[in-house]
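Quick notes on the structure that follows.
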Amino acid sequence: MAYIALADKDAIGFDLCHDLFLAGVAARNVLLVATNYERKNRKVRGGLAEMSGECQQSADDFSVNNNHEIKADPVALLNIVLSMLPLHAEEGRQRESCHETEIVTVLIEQGRATEATAVSLVYTLRRQFEALSLLDSIELRSGKWTFVSFPASLLGRSWLTTLATPGQLLLPADYWEQGDDRPPETKEEQRSLLHRVELGRLKFNQQAKTIRTVHVAWAFIRLGNNFLLHHREDKKRPGEKSYVLPGGRFSLTDLPVDVRERHDILKTIFDPESEIVTQHIARTLERELEEEAGLLVGIHYTYTPLSNSIPIYREVNGAGNRHAYSSYRFNLFQIKLTQSGETHLLDKVSTSPGTLTWFSAADIAAPQRPDGASAYVEALRQAWGDELDKQLLNVPDSSTSPLPYNDESCMLDLPGHPGKSFFYSGKPGKEKPIAPVSPLDQQEWQFLMLLGWHARSFPIQEARRIQLLANGWVNASDIIQLAKGLQEKIQPVIPNLIEIRENRYASLRISPDILFLPVELFHYRIAGSNKDGGEFWLERQEMQTPWGCLQGGRYEKKVTGKTTATLRELEKGDDPDGDWERNLREQFGEGVRGVGLRRLWSSKGNSSCLVAGLQRMSNP
């Protein structure tokens, strides 16, 4: 197909290039040669109608009769059609029409074309103009070509002039060549062209077929309630989700050389159900995890395919100019990290901000994370629907060392100051004090508080001499002796609470939702009246350490007059009437624990009060 030559691409303008390109795409798979028509048995109009049906057949069924010689000059035929195109007034609605049968007749009589050639050419051009919505659809039903507007007639003439001028180009000869050296602006322009064409094709035909197949290996790397995500390779675009599960697209290089060189390999891997790709997609996983996260199979992790496969996902998508209506076949894998793999990955994430990050299952399922980041998991959303977050939490944890303290019976309160040489451990109401072998010194206690703060994912400002990693881990290589001293004191009474790896990584090995901070760090305030209600504030105080500031937090809740009265009775040490405990648990339980306090009140014998050690705010 010919194109208009551009000495300077900007001289013609992007929009014209775009529209002319659309016209070329519209002709795809319709340049089919008709079977012989005998004029005495068929009317020309009937031939056009029949051609419309026959041209729906697959291009694979197309065959040419080698004995049939076309004597007409194709350029001359195109110029004949160009000369017969109907006119449209530049202003107003006055316009001409031209019947298809007239064009066919002139092509036969003046262009020396056979009827089959004439009918085929007219049908092909009609389909191009029709696909571009240039012709009046009502007039076209009766076989008449009538442009819908003056601009439409301009585009029709421009396009047909292009086709009728041998050697003309629309774009530079190397415009569609591939390679990383291609100018970014060229790739973006190509993407825009493809995006508009493919969206239009899908918009006006819900049964449209995909023209691109992508096989993807996706890895689930889960630590606790968090999943690893990787920034998408495409540039950031407004409104598009930017993070995906680690892994990536299958590449020919993932195949053994002998398989890669098969003559039919491209056709084979274009099949979404390709068995060859299925056999070798694990190589894609291994390659991508090494490229994206520096993880080496067998050293840092092992993997197993997930049994709950998802159906083929179809969408107009693709990074850069690899953009089209595509079929995606996702292959899901569950990753099991070794101990060295886990700490290696945590280090990698901390040194790759913006590239690797952690999302909770709720963050993945939500439109976006609180910081604005969002997960592109539309294939999972299509397959799992409203169960997306629940399905994610069914994926096994990737850590090889499960947390030794992970249920309610192991609830733990950290000590309130260095001289307070015990912890509270156990379910509410069944706590017991646990004393370390010897009291903690000031720095040991501060480091313990830092580990607890980080385990709970509470913010730590301006971390110094340490590196905060995900999942509660801290790179403490500069203070590892202090960490070991703390571990020695706690190990005999709470075994394996503190874990140290590779002589530099430290962590509290307890589930965050059963770890609580000392009550002495919390202040409260009750405001309002017992009649109209009011508000309750619970504030976690910040704490300074040699390695950074452990930042505070606040929980606020509007309360009814009855709840206000209950809280004030507890504040005075009086036992309220009624089933107040259940009422307060339902109202405050989640919020109070969310800022790090185990409980708001305690009951001993027949007496109840706000928990001992909780301090009242002097100001709101």
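Numbers here are sequence positions counted from 1. All values below were derived from every heavy atom in this structure, side-chain atoms included, with hydrogens, water molecules and symmetry-related copies excluded.
In terms of modelled atom types and a separation under 3.5 Å, the side chain of Glu198 and the main chain of Tyr325 share a donor-acceptor contact. The closest donor-acceptor contact from the side chain of Gln190 to the backbone of Tyr175 lies under 3.5 Å. Judged by distance alone, with hydrogens and angles left aside, the side-chain atoms of His230 form no donor-acceptor pair with the main-chain N or O of Leu289 at under 3.5 Å. With hydrogens and angles disregarded, a donor-acceptor distance shorter than 3.5 Å links the side chain of Asp397 to the backbone of Gly224.
Considering only residues two or more places apart in sequence or on other chains, Arg381 meets the salt bridge (Lys or Arg N to Asp or Glu O under 4.0 Å) condition with Glu378.
Thr284 and Asp254 form a side-chain donor-acceptor contact under 3.5 Å, judged by distance and modelled atom types alone. Side chains of Tyr243 and Asp363: a donor-acceptor N/O pair is absent below 3.5 angstrom, by distance only.
A salt bridge does not link Glu188 to Arg191: none of the charged side-chain nitrogens sits closer than 4.0 Å to a carboxylate oxygen.
For residues 208-224, every residue pair satisfying the side-chain hydrogen bond (donor to acceptor under 3.5 Å, both in side chains) rule, not counting sequence neighbours, is listed here: Thr210-Ser327, Arg212-Ser326, Arg212-Tyr328. Sorted pairs that involve residues 142-169 and meet salt bridge (charged side-chain N to carboxylate O under 4.0 Å, His left out), not counting sequence neighbours, are lacking altogether.
With a 6.0 Å cutoff to the six-membered ring centre and a 45° limit on the axis angle, Arg95 does not count as a cation-pi contact of Phe147.
Atom OH in Tyr303 sits 8.5 Å away from atom CD1 in Ile335 (nearest 0.5 Å).
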